[in-house]
Amino acid sequence: MNKSVIALVVIAAVAAGGVYYANTQAENAIKQQLEQANQSYRNMAANGEMPLISMSYQAVSANVLTSTYSISGLDVSVAELGSVATIELITAKDVNPRKLSDKGSMHFSGAKATDAALQMLPPDASEFVKSLALHGDYSYEYKDNGTLLFKQQTRINDEFSLGYDFTFAQMQQFWQYMREFSALSPEQQQAIVNDEGYAEQIMAKLITAALSNGELSIENNGFIERTLAMTAKQGQTPDLEAIKGMALLNISMLEPLPQQMKDALAEFVTKPEKLKLSFSFEKPLEFAKVQNGELMLQLSSPEAFIEFANLQLKAN
């Protein structure tokens, strides 16, 4: 074997070792964050703020070359009840377990209630919940001009989905605060989170931001009908047709709504498949003006707010 081949083998071995080390360090960072969360839950339980919640997992993996990290077999337990929910897989991409990245995405699949949780429900409801599995996708991207794009979609089996897509503005102060926070050690982060002023610090940064535009969407593929059939069987609600009749009557009495919105709601109630609400402010809606009431003084009626937000509602 010539010297050049030997050199290549050595370089490859060193590179492989470096990647392995980086992956191991990233996996340890994820495990530290999970333990940090568990410690936070223990502290709150000790103070009587909530029942003791704990998380465990089967495996954690990281690939720093593709910026992909995953947790498999996540189990959530609550005090004496034991395991109440499990998630098959959580995968994050383009994120960094040690600092805040300017963009990233997360996917989870197979979130289900366990037998311990199901036993607390009536038999019909227990069978219904047992048949459900949650799946979700989230993504965000922060830009240098202070814009933050955020998307989310949560699905129930293949029967129902709820999604939203928001664009925020003026997020510089909040993002800088979160960057500094994520750069701290787990112990330092824990101390800040446990401080009574933590929530106020977060709100003080968020209040400087604004909302530019967005949309919310619902897609139903039999889930609403199946849910109402179950609750009607238990005597908790009228049957589907009776609920539709009451809903249509209520929609007709919503005087402030434009007729186009009434028609869209009525169409969805009659045939519940898709519904999308979108909004786009001419100027970003500043959270500070909402908090101090200044915005409400400018918008004296629902009609004024609909026009101000350019609200649009579409069905099917």
Inter-residue atom distance [X].[atom1] - [Y].[atom2], 0.5 Å rounding:
X      : Y      : atom1 : atom2 : result
Gln201 : Leu206 : CD    : CG    : 12.0 Å
Ile87  : Lys112 : CD1   : NZ    : 13.0 Å
Leu313 : Lys262 : CG    : NZ    : 13.0 Å
Leu162 : Gln153 : CG    : CD    : 8.5 Å
Leu121 : Phe128 : CG    : CZ    : 11.0 Å
Leu228 : Asp239 : CG    : CG    : 9.5 Å

For the residue pair [X] and [Y], what are the closest heavy atoms and their distance?
X      : Y      : answer
Ser83  : Asp75  : OG-OD2, 2.8 Å
Thr66  : Lys93  : O-NZ, 3.0 Å
Met171 : Ala209 : SD-CB, 3.3 Å
Leu275 : Ala315 : CD1-CB, 4.0 Å
Ile251 : Ala266 : CD1-N, 3.9 Å
Val78  : Pro51  : CG1-CB, 4.0 Å

Is it true that a side-chain atom of [X] and a backbone atom of [Y] form a donor plus acceptor pair closer than 3.5 Å?
X      : Y      : result
Lys244 : Thr270 : yes
Asn47  : Glu49  : no
Asn63  : Thr68  : no
Ser126 : Leu118 : yes
Ser105 : Ser139 : no
Asn220 : Pro272 : yes
Thr147 : Lys143 : no
Glu219 : Lys274 : no
His107 : Ala92  : no

Taking the side chain as every heavy atom from C-beta outward, state whether [X] and [Y] have any pair of such atoms under 4.5 Å apart.
X      : Y      : value
Thr91  : Phe108 : no
Met230 : Glu225 : no
Pro122 : Gln234 : yes
Glu303 : Leu257 : no
Val290 : Leu285 : yes
Ile30  : Tyr69  : yes
Phe268 : Ile224 : yes
Phe166 : Leu148 : no

Mind checking salt bridge (Lys or Arg N to Asp or Glu O under 4.0 Å) for [X] and listing every partner two or more places apart, or none if nothing turns up?
X      : value
Glu267 : none
Lys271 : Glu273
Asp102 : Arg179
Glu159 : Arg226

Establish whether [X] and [Y] are linked, either directly or via other cluster members, by ILVMFWY side-chain heavy-atom contacts under 4.5 Å.
X      : Y      : value
Leu149 : Phe287 : no
Leu52  : Met50  : no
Ile71  : Leu89  : no
Leu211 : Met178 : yes

Among side-chain atoms of [X] and [Y], is any donor-acceptor pair under 3.5 angstrom?
X      : Y      : value
Ser70  : Ser61  : yes
Asn43  : Gln39  : yes
Ser280 : Asn310 : no
Gln119 : Asp115 : no
Tyr164 : Glu215 : no

**Request:** Taking ring pair (Phe, Tyr, Trp, His ring centres under 6.0 Å) as the test, write out the residues that go with Phe281, two or more places apart.
**Result:**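 Partners of Phe281 by the ring pair (Phe, Tyr, Trp, His ring centres under 6.0 Å) criterion, ordered by chain and then number, come out as Phe279, Phe308.
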**Prompt:** Which is it for Asn157 and Leu132 under the side-chain contact (heavy atoms from CB on, under 4.5 Å) test, yes or no, and what are the steps along the way?
**Reply:** CA-CA 6 Å; Asn157 300 342; Leu132 306 181; 3.9 Å; yes
**Request:** Give a yes or no on whether a salt bridge exists between Asp137 and Arg155, defined as a side-chain N under 4.0 angstrom from a carboxylate O.
**Result:**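 Result for this pair is yes, salt bridge flagged.
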**Asked** Does a side-chain N-to-carboxylate-O contact under 4.0 Å join Glu35 and Arg42?
**Response**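 Arg42 and Glu35: salt-bridged.
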**Request:** Hey, can you tell me if Tyr198 and Phe181 have their rings parallel, tilted or perpendicular (30° and 60° cut-offs)?
**Result:**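 Tilted.
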**Item:** Centroid separation Tyr140 to Tyr138 less than 6.0 Å
**Value:**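 Judged by ring-centre distance (under 6.0 Å), Tyr140 and Tyr138 do not meet the cut-off.
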**Any residue meeting side chain to side chain contact (heavy atoms under 4.5 Å, CB included) with Met246, in chain and number order, not counting sequence neighbours** =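 Once residues adjacent in sequence are excluded, the partners of Met246 under the side chain to side chain contact (heavy atoms under 4.5 Å, CB included) criterion are Pro238, Ile243.
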